[in-house]
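Taking it in order: structure first as structure tokens, then the write-up.
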Amino acid sequence: MYQNAMFCVCLIILVLFLSAESCELRPVHATVPKRLPAGYVITKGTEELNLKGCALKPVAFTTSDPDFAVNTDGTIITVRSMVITTRTFSVLVQDESGFDWRVDIILSCTDKASQKSGNVVHKRFKRRWRPLPFSIVENDGPKFPKDVETIASDSSVNYTVYYVISGPGVTTDPVGVFQVNKDTGVLSVTRAVDREQYPQFIFMARVYDRHSNRETDDPLPITVIVEDKNDNAPEFSGSRFFTVPERCRAGTVIGQVNATDKDQAKTPHTLIKFTLLNATDMFSIEAFSGVLTAKTNTLDREAQDNVYASIEIRDMGGAHDGLFNRGTAVITLTDVNDNPPTFKEKLLKAQVQENQENVLVLRIPVEDKDLVNTANWKALFEVTKGNESGNFRMETDPKTNEGLLYVIKSLDYEKSPMVKLEITARNEAPLVGTNAGWLSVPVELSVGNEDEGPEFTAPILWLKVKENVPNGTIVGTYTALDPETKSSNGIKYYKMTDPGSWITVVENTGELRTANTIDRESPLVFNNTYNITVRAMDENKKIGKGMVIIQIEDENDNMPEIASSELVICSKGNSLGSVLIEAVDKDETPYSTPFQFDLGAEHDGKWRLKDATINSVVLQQAVDLPNGLYNVPLLVKDLQGIGKEQIVKVRLCTCEREENGMGSCGARSASTSLGSWGILALVLSGLLLLLLCLLLIFMCSTEREKLYISDDTGTGGMLLKSNTEAPGEEVKEEAFLKIPGPDFVDGSVQGIQIMNSKNVGSAGGHYGHQYIQGGGVYNSTTQEFGTQKYNFAGHHNSSLYGNAAYQKYSNTSPLDTWRSNEHYLGKKLAYFGDEEEGRYADDLLKTYGHEGAGSPAGSVGCCSVLGDPDSLDFLNTLGPKFKPLADVCTRNNQGGN
């Protein structure tokens, strides 16, 4: 029976094979309209697909053109509306035995231009050449030449003809592929032709009369189609490197493997089938598109990060006689966070001393199978239990991925000698594709004991105290305990900070007593609270610190005060002015606002109050008042009726504007005052300018005078007028007679004004008289100055200075007059010497030490010493700026004469 079954199977396979070998697929030609609507039926049923003798029973249909669809019964319909002229596509048919068949569908349009015309004349032509286009098989085997077809012209009936061919494949490249028998017109091929190189040949055939060698018919184009033969195996194209995340879902598209075939397109020779030869438990490939997909959701990068998949590509739809190639596709699995960090130990232990802060107490190692140095591998640690007081902090070592446990807030051995924690490790990225969760590890932390300072019963003690309580009042007690003994024995208390020195701490008991007046309104109080810090010290000099916050309760110890002591009301013509008065009270409610405003008992009835608010009132004129300053008594009381009478100064004036509702008298008054002073400044500046002009005329008309004096040291000196300048070099036609004379005015030495007479001779001497008004002769008895008149005559010769003879107006000898003046000068110098050194410093005769070579002009001081009393050579060094002044003086002197 088993042998009979095997025989039947072999017989069926043989029949199928023979039928497949005898099958000849022919294209389906369909004529359709130019415009095809959606749902148009191209062919009906499998009969029109010409599958008779090929497929057993079609079970699946696939079309290569997405614009067309094939129903399960083989009917081809359009998917969308379209406009076509010609269209070609393929239908892939799979039968129940697993064989694939390909049928070409060729569509042609019936809407020709000639058919659209209403008056078409159909012309019948006589066929002159035969046959129509023919074909040859590529790479056909020997023996060559092989006859292909016979060409003939109808002109051979009337003529004795011969045939000639020319063109590609005959006379041009590739030369000699075809030849023709001149007499019979038999066309033959001389060698094998590769369709992939020459898919068709088009050359010309001509016919000639043997006798005349003239063409007996028109040339005829001959088309030879090279039929395809499956002589090229498919080849891979494009990249074959793909990536897919691990743990991806089954059916995830990874990529597409591409392949090409040089044989004729849209034929079974180029219908490529893709087959996966290995890794079929992980991936699958679509047979005719080459699309790779994940077959399972358990792809694990940690088990295999690169998969090398072998793929076969075979033409003829995968038929056993199809040509094929094989290649490898590399599929790389990318990492996802499917592995949580795991702890190497099940219990971690560490030890830390109490009262330590910001210290590393434990390093926690973990393992993670994910890709190193990625967010899937990097660990984040957290203390999930035991850190309710915020004593710990976790960090991650970026190099080793270890967890670092720090103590950031000191631990207390007396409270908890053993601290139990739970630490959880996470990744930066969330877990994907796994049911696992984050893992935790317990940690036991032993706390070492140390001798600690006392601790206050409360870190912060709150007390309520009324302000202004008497000194020495006990406001509270602040005590501390030794953490080891839980006792206060031997603990001393000291005050550390107390900005106002308001509190005293009793050393042995910790009592808090008032030492000074507690004032809630003090700037040391913030938000009604006052802080002090207290220190506790045990017998071992260990220290503990605590803070006391005193909440100060208010008392009515402040009266309302008017904010501004002087107010301004601007006059507004006939209307009565007013001003807003505001009051403040440092106390709080109910000891402050709302305020009660009343005029004082002694007010004069010229004012009244209106529009009172909780802290302000408007003061208004009751009668028309002149501008001036007024004192208005005002009584202001708080909510408890506590207050006093205050004097408000109100200035009533005329002003241009009000600023912020308050008048200002400064604008107009300042302007008026500035105008008065401006006018005065203009007058004074004019007088000063006139005085400067007169002084300039006086300086230019005054001659230089010399006064010889002798000081107590016996050194000679010469007094020069500071406002006298010798004439410039340009004044050469006249000389000035310089006669010294004393004149004392208000304790200062002045020169004598001399009226010069102009020289009238060039060689001889000249005599003239000068009238001198001298003043200021000093009287040593009365300490006053008198006036005397002098008349003297001077002799002037050809030299610059002549000898002068003095004659007093009262017929006194000129020599006696000079000696008298010398006597008075000496008295005055003696008087000046008795006064303060700095008072008459400019009038005292001073002796200067030698300082080397000085200016040729000498000193310009009032009492300087000149080496040569008669020399005026220093005038030559004054420069060109002195020349205009000399010219002015010269013209003034000439005008006076």
Side-chain angles (χ1 to χ4, degrees), residues 26-32 34 84-88 104 106-140 143-229 264-267:
R26 290 176 296 172
V28 176
H29 293 270
T31 302
V32 296
K34 183 176 183 180
I84 65 170
T85 54
T86 58
R87 193 74 167 263
T88 302
D104 292 334
I106 300 174
L107 304 180
S108 59
C109 178
T110 59
D111 296 341
K112 300 294 185 178
S114 59
Q115 294 175 347
K116 294 180 182 179
S117 175
N119 300 320
V120 178
V121 179
H122 296 278
K123 227 175 161 186
R124 185 174 180 182
F125 293 91
K126 179 181 179 182
R127 191 180 71 173
R128 297 173 296 123
W129 289 86
R130 67 179 189 273
L132 293 175
F134 53 90
S135 62
I136 61 174
V137 179
E138 69 165 333
N139 296 325
D140 199 6
K143 142 176 185 182
F144 293 100
K146 290 184 178 181
D147 294 340
V148 178
E149 188 61 77
T150 299
I151 59 174
S153 173
D154 293 342
S155 62
S156 61
V157 176
N158 301 321
Y159 300 96
T160 303
V161 296
Y162 66 91
Y163 299 92
V164 177
I165 58 175
S166 63
V170 181
T171 56
T172 60
D173 188 50
V175 178
V177 175
F178 298 97
Q179 63 184 12
V180 66
N181 188 309
K182 290 185 176 182
D183 298 329
T184 63
V186 175
L187 185 67
S188 58
V189 59
T190 61
R191 62 178 183 269
V193 178
D194 187 4
R195 189 204 65 84
E196 285 70 40
Q197 187 176 9
Y198 303 105
Q200 69 177 8
F201 295 92
I202 300 176
F203 51 86
M204 300 299 295
R206 287 181 170 83
V207 57
Y208 295 91
D209 182 11
R210 285 184 176 273
H211 302 289
S212 62
N213 291 327
R214 295 177 63 183
E215 280 189 272
T216 61
D217 206 341
D218 293 334
L220 176 68
I222 302 297
T223 300
V224 179
I225 298 174
V226 181
E227 294 183 356
D228 184 42
K229 185 178 181 181
Q264 186 173 357
K266 300 180 180 180
T267 64

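Just the heavy atoms: all of them, side chains too, but no hydrogens, waters or symmetry mates, feed the values below.
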Item to check | Candidate pair Val180 and Val164, rule side chain to side chain contact (heavy atoms under 4.5 Å, CB included), full reasoning | outcome: CA-CA 7 Å; Val180 66; Val164 177; 5.9 Å; no
Next on the checklist: On a heavy-atom basis, which atom in Ile202 and which in Pro168 lie closest, and how many Å separate them?
Outcome noted: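 Scanning both residues completely, I find the closest heavy atoms to be O-CD, 3.3 Å.
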Checklist entry - If you look at every heavy atom in Val189 and Val148, which pair is closest and at what distance? => result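 Looking at all heavy atoms of both residues, the shortest contact is N-CG2, 3.8 Å.
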Measure the [atom1]-[atom2] distance between [X] and [Y] for me, rounded to the nearest 0.5 Å.
X      : Y      : atom1 : atom2 : result
Gln200 : Ile136 : CD    : CD1   : 11.0 Å
Asp147 : Thr150 : CG    : OG1   : 7.0 Å
His29  : Thr88  : NE2   : OG1   : 9.0 Å
Lys34  : Ile84  : NZ    : CD1   : 10.0 Å

Is any side-chain heavy atom of [Y] closer than 4.5 Å to one of [X]?
X      : Y      : answer
Gln179 : Thr190 : yes
Pro174 : Arg191 : yes
Asp228 : Thr267 : yes
Ile106 : Pro27  : yes
Lys182 : Tyr163 : no
Leu187 : Ile165 : yes
Ile222 : Val224 : yes
Glu138 : Glu196 : yes

Next on the checklist: Test side chain to side chain contact (heavy atoms under 4.5 Å, CB included) on Asn139 and Val193; report intermediate values, then the result.
Outcome noted: CA-CA 5 Å; Asn139 296 325; Val193 178; over 6 Å; no
Checklist entry - Which pairs with one or both residues in residues 205-227 pass ring-ring contact (aromatic ring centres under 6.0 Å, His included), sequence neighbours excluded? => result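 Residue pairs with at least one partner in residues 205-227: Tyr162-Tyr208.
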Next on the checklist: List the residues meeting ring pair (Phe, Tyr, Trp, His ring centres under 6.0 Å) with Tyr159, not counting sequence neighbours, and say none if there are none.
Outcome noted: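 Expected list: none.
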Item to check | For Tyr198, all residues meeting ring pair (Phe, Tyr, Trp, His ring centres under 6.0 Å), sequence neighbours excluded | outcome: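 Phe201.
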Item to check | Identified ring pair (Phe, Tyr, Trp, His ring centres under 6.0 Å) partner of Phe178 from the options Phe134, Phe203, Phe144 | outcome: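 It is Phe203, the one option of Phe134, Phe203, Phe144 that forms the ring pair (Phe, Tyr, Trp, His ring centres under 6.0 Å) with Phe178.
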Checklist entry - Can Arg206 and Glu215 be counted as an ion pair, charged N to O under 4.0 angstrom? => result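 Yes, this pair counts.
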Next on the checklist: Taking salt bridge (charged side-chain N to carboxylate O under 4.0 Å, His left out) as the definition, give me every residue that meets it alongside Asp140, ordered by chain and number, with sequence neighbours left out.
Outcome noted: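 Applying salt bridge (charged side-chain N to carboxylate O under 4.0 Å, His left out) to Asp140 gives Lys146.
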Item to check | Under the side-chain hydrogen bond (donor to acceptor under 3.5 Å, both in side chains) test, residues paired with Ser212 that sit two or more places apart | outcome: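 Listed in chain order: Asp209.
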Next on the checklist: Can you list everything that forms a side-chain hydrogen bond (donor to acceptor under 3.5 Å, both in side chains) with Thr216? Sequence neighbours excluded, please.
Outcome noted: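 In terms of side-chain hydrogen bond (donor to acceptor under 3.5 Å, both in side chains), with neighbours along the sequence ignored, Thr216 is linked to Ser155.
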Checklist entry - Are the side chain of Ser135 and the backbone of Glu227 linked by a donor-acceptor contact shorter than 3.5 Å? => result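 No; judged by distance alone, with no hydrogens or angles, the pair does not exist.
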Next on the checklist: Go through it in stages, so that I can follow the logic: the residues are Val170 and Val177, the test is side chain to side chain contact (heavy atoms under 4.5 Å, CB included), and I'd like the CA-CA distance, side-chain angles, deciding distance and then a yes or no.
Outcome noted: CA-CA 6 Å; Val170 181; Val177 175; over 6 Å; no
